[in-house]
Amino acid sequence: MRGSPTDRRPTPHPGRTRRTAFAAAPAVLLLPLLGAAPPENQSSSASARLQGAFAAASAEYGVPHDVLLGVSYLQSRWDAHGGAPSVTGGYGPMHLTDTRTALAEAPHHSEGTEDARGDDSRAPLVAGADLPEPAELPARLRTLTRAAELTGLPARTLRTDAGANVAGGAALLAAAQRELGARPSSDPADWYGAVARFSGADDRATAAAYANEVFAVIRDGAQRVTDAGQRVTLTAEPGLRPGTGQLSRAGLRAAAAGATECPATVSCEWIPAPYAEFGDNDYGNHDLADRPTSQRIRYIVVHDTEGYWDTTLELVQDPTYVSWHYSLRSTDGHIAQHIKNKDVAWHAGNWYVNSESVGLEHEGFLASPDAWYTEAMYRTSARLVKYLADKYGVPLDRQHILGHDTVPGPTTATIPGMHTDPGPYWDWRHYFELLGEPLGATSGENSAMVTILPDYADNRPAFTGCVTGGAPCAVHGSSAVRLYSRPDVTSPLIKDIGLRPDGSVSTIGVNDLGSRVSTGQQYAVAERQGDWTAIWYLGQKAWFQNPKGKPTAVGAAGLVVTPREGLADIPVYGRAYPEAAAYPAGVPAQAVSPWPYKLLKDQKYVTGGRVPGEYYYAVSFDTSGHRVVVGEDLYYEIQFGHRVAFVRAADVRVLPAA
């Protein structure tokens with residue numbers, strides 16, 4: 001739809017604030033994540049509790065111990081999250097779902113004022129859509145109710161007690177084994193079909209991909225300390241080969257046919273977005289192109305949907321709505337591809353980024369933005385991103401694997417309206433481990449450049465506005481690190497004149513990106529004082545706590561840019577467009593449009609590399625008039641604030657950080 005939707009958000013920034021769609025939602029949804037940080041001096045007996053719960057549930061329901069551990073690891077990495085729900089209303093180590101309590105009010109691209117296309121040559125497209133309430137949720141989103149029936153345990157207990165939750169998961173697996181007509185067995189290899197059914201997938205490919213991932217975990221083994229401080233171990237079984245033929249008895253459908261662009265190790269189906277005309281000379285919901293022949297794919301953008309899976313699929317198939325390339329389902333990691341990667345989706349709010357990126361939407365309908373993501377979705381997403389990065393030569397770093405929250409507003413006017421997902425609770429550190437590019441130190445502790453790298457579980461900054469404007473959010477692990485104007489937590493936060501032209505300071509609102517950095521981002525060091533480090537950020541010196549015993553950043557090596565000799569300051573841009581002389585007849589020149597910020601003399605910013613001044617002109621359904629305009633001007637992408645930005649190559653010198 002065209003035009004701005006009614007803004008139902010209780011805070012002034014677009015992003016992750018949510019109110020539950022059901023007034024009678026259980027209070028447990030709003031409980032703080034009490035288990036988010038391991039308690040100190042955890043006793044060995046307490047640490048054995050969860051491991052013992054798996055053993056007890058195995059004995060009671062006749063499910064092999066290793067199968068229970070493997071399934072739970074893929075759902076939650078054995079974390080309980082203090083009884084808080086996942087993005088799809090899943091609870092506890094087994095991710096038992098009670099999703100009706102966690103439906104969101106509005107889909108992600110229907111929020112705020114962001115123009116999803118971000119192209120000045122066309123009228124703004126601010127997507128609006130009503131989110132219909134499904135008459136009945138699919139079985140995969142109400143497994144907690146089924147577990148309560150099978151165990152006789154109250155639903156509240158299954159949500160909040162980790163041991164009971166494990167028992168509920170075991171009961172579901174045992175029921176799946178019975179429904180397949182298989183006999184109880186102590187051999188994990190005999191449980192492939194039941195594990196596939198546990199995923200909740202309704203097609204064979206997704207169920208098989210889920211089961212394959214679980215049995216890969218069992219073969220490899222795993223060990224970690226959970227968010228409640230309990231050490232859990234799954235001993236490796238490298239020779240385990242499950243009986244995959246069991247899946248033929250599961251009665252599942254074949255996935256939708258189509259030539260998808262996905263790795264062979266994931267489940268992926270083709271659900272196309274429409275390229276169609278409508279209304280008064282209008283069309284949607286993407287543009288045809290010929291990438292990477294016409295333009296290089298430089299970026300992969302991580303979003304979360306803020307919408308129920310089926311509704312998300314309905315929206316992307318609406319020609320009047322916006323679009324993205326892939327959707328990923330939370331419960332099992334299933335992928336739907338909607339647009340060929342050669343074509344340009346309307347997803348990131350910046351046409352320069354859209355024309356050179358692939359967009360991934362991760363399912364989530366949040367009662368609050370601190371709901372958690374399943375390991376199944378993290379792993380599938382990482383497999384897809386690694387595949388795309390290898391195929392298109394995209395570097396696996398935070399200046400090319402972007403969150404929607406790091407995509408720059410293309411012009412000054414768009415800065416306040418840009419979206420903030422996937423937010424401070426997306427675990428970038430774990431995500432890059434799954435990508436096979438773990439983040440770590442690449443230089444000494446006194447280096448001139450740092451990589452932000454807090455311990456996710458221990459890093460627990462306070463935020464407000466998750467459920468109600470101004471109210472404290474549940475406190476738990478985060479990828480975000482807060483920035484101050486001086487090396488003192490009582491000093492004002494950093495100002496962001498793009499978000500607040502009146503010069504007021506930033507806030508700790510969950511959607512306020514003005515004073516925080518995120519795991520994996522890299523910055524040039526401006527100064528150090530004791531346990532504090534200052535970086536160059538938005539044209540100013542920004543301080544964060546970085547004690548040696550509990551560091552939030554590590555040394556890094558790389559290249560930085562600084563204004564060339566003789567310049568007191570240089571402009572900063574939200575897009576890298578060509579100079580006016582580069583545009584051919586019939587293609588209107590696009591404004592280069594500097595931001596309100598300046599990059600000042602002697603300041604340094606880490607660069608993600610040089611890019612051409614480039615613009616894809618595509619304003620009509622008929623593609624014959626589409627043009628890629630490439631100019632003489634070159635730019636450097638930089639990590640300027642929380643979001644990336646661009647500076648003209650002619651304005652800067654490029655130096656080693658040291």
Side-chain angles (χ1 to χ4, degrees), residues 1-8 14 105-133 258 270-291 294 301 303 305-308 310-327 336-355 357 359 361 404 409-411 413-414 417-419 575 586-591 615-629:
M1 297 179 187
R2 299 297 188 265
S4 297
T6 301
D7 188 348
R8 294 173 287 183
E105 284 192 331
H108 161 48
H109 287 286
S110 299
E111 299 172 328
T113 59
E114 183 188 79
D115 172 7
R117 281 189 307 222
D119 181 6
D120 292 351
S121 65
R122 291 181 285 191
L125 172 56
V126 181
D130 294 325
L131 184 64
E133 180 182 334
W270 177 245
I271 301 177
Y275 186 69
E277 288 186 290
F278 58 87
D280 184 15
N281 194 32
D282 207 347
Y283 72 99
N285 57 15
H286 60 281
D287 280 295
L288 302 184
D290 189 26
R291 306 183 308 173
S294 59
V301 182
H303 305 257
T305 65
E306 299 300 320
Y308 170 61
D310 287 0
T311 303
T312 297
L313 298 188
E314 290 174 13
L315 291 172
V316 80
Q317 294 176 84
D318 178 353
T320 70
Y321 199 63
V322 299
S323 58
W324 48 93
H325 292 87
Y326 298 91
S327 296
Q337 184 177 2
H338 312 297
I339 296 172
K340 293 298 184 182
N341 292 326
K342 71 179 185 65
D343 298 327
V344 177
W346 303 345
H347 63 100
N350 183 316
W351 185 245
Y352 180 81
V353 174
N354 279 346
S355 65
S357 70
E361 288 279 1
H404 196 170
T411 63
T414 62
M418 295 298 288
H419 282 185
R575 56 193 182 189
V587 178
Q590 301 296 304
Y615 173 66
Y616 182 40
Y617 181 67
V619 300
S620 62
F621 183 76
D622 180 359
T623 62
S624 62
H626 293 189
R627 297 286 185 275
V628 175
V629 181

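All heavy atoms count here, side chains included; hydrogens, waters and symmetry mates do not.
- The backbone N or O of Tyr616 lies less than 3.5 Å from a partner atom in the side chain of Trp351, making a donor-acceptor pair.
- Take Tyr326 and apply the ring pair (Phe, Tyr, Trp, His ring centres under 6.0 Å) test, not counting sequence neighbours, and it matches no residue.
- Interatomic distance, CD1 of Ile271 versus CG of Leu313, reported as 4.5 Å (0.5 Å rounding).
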- Evaluate the criterion side chain to side chain contact (heavy atoms under 4.5 Å, CB included) for residue pair Gln590 and Asp119; output intermediate values, then yes/no. CA-CA 9 Å; Gln590 301 296 304; Asp119 181 6; 4.2 Å; yes
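- Annotation for Gly359 and His347: closest pair CA-CE1, 3.5 Å, computed over non-hydrogen atoms.
- Under the 3.5 Å distance criterion, the side-chain polar atoms of Ser323 are matched with a main-chain donor or acceptor of Trp346.
- Between Asp343 atom CG and Arg291 atom CZ the span is 7.5 Å, to the nearest 0.5 Å.
- A distance-only check finds no donor-acceptor pair linking the side chain of Arg117 to the backbone of Val322 [under 3.5 Å].
- Remark: side-chain polar atoms of Gln337 are paired, donor with acceptor, to backbone N or O of Ile339 under 3.5 angstrom.
- Atom CG of Asn350 and atom NE2 of His404 lie 9.0 Å apart (nearest 0.5 Å).
- Taking the six-membered ring for Trp and thresholds of 30 and 60 degrees, Tyr321 and Trp324 have ring planes more than 60 degrees apart, a perpendicular arrangement.
- Every ring pair (Phe, Tyr, Trp, His ring centres under 6.0 Å) that Tyr275 has, sequence neighbours left out, goes to Tyr283, His286, Phe621.
- Glu114 CD to His419 NE2: the interatomic distance, rounded to the nearest 0.5 Å, is 4.5 Å.
- Remark: the backbone N or O of Val316 is paired with a side-chain donor or acceptor of Asn285 at under 3.5 angstrom.
- Closest of all the heavy-atom pairs between Pro319 and Gln317 is CD-O, 3.6 Å.
- Panel note: side chain His626, backbone Ser620; a donor-acceptor pair is recorded below 3.5 Å.
- Exactly one residue among Asp290, Asp287, Leu288 makes a side chain to side chain contact (heavy atoms under 4.5 Å, CB included) with Thr623. That residue is Leu288.
- Separation of atoms NE2 (His325) and CD (Glu361) is listed at 12.0 Å; rounding is to 0.5 Å.
- Thr411 pairs by the side-chain contact (heavy atoms from CB on, under 4.5 Å) definition with Asp120, Ala413, Thr414, Arg575, Ser593, not counting sequence neighbours.
- In this structure, Ala348 and His303 approach most closely via the heavy-atom pair CA-CE1, 4.3 Å.
- Of the possible donor and acceptor atoms, none in the side chain of Asn354 sits under 3.5 Å from a partner among the backbone N and O of Val344.
- Inter-residue side-chain proximity for Tyr617 and Pro588 is flagged as met; some heavy-atom pair is nearer than 4.5 Å.
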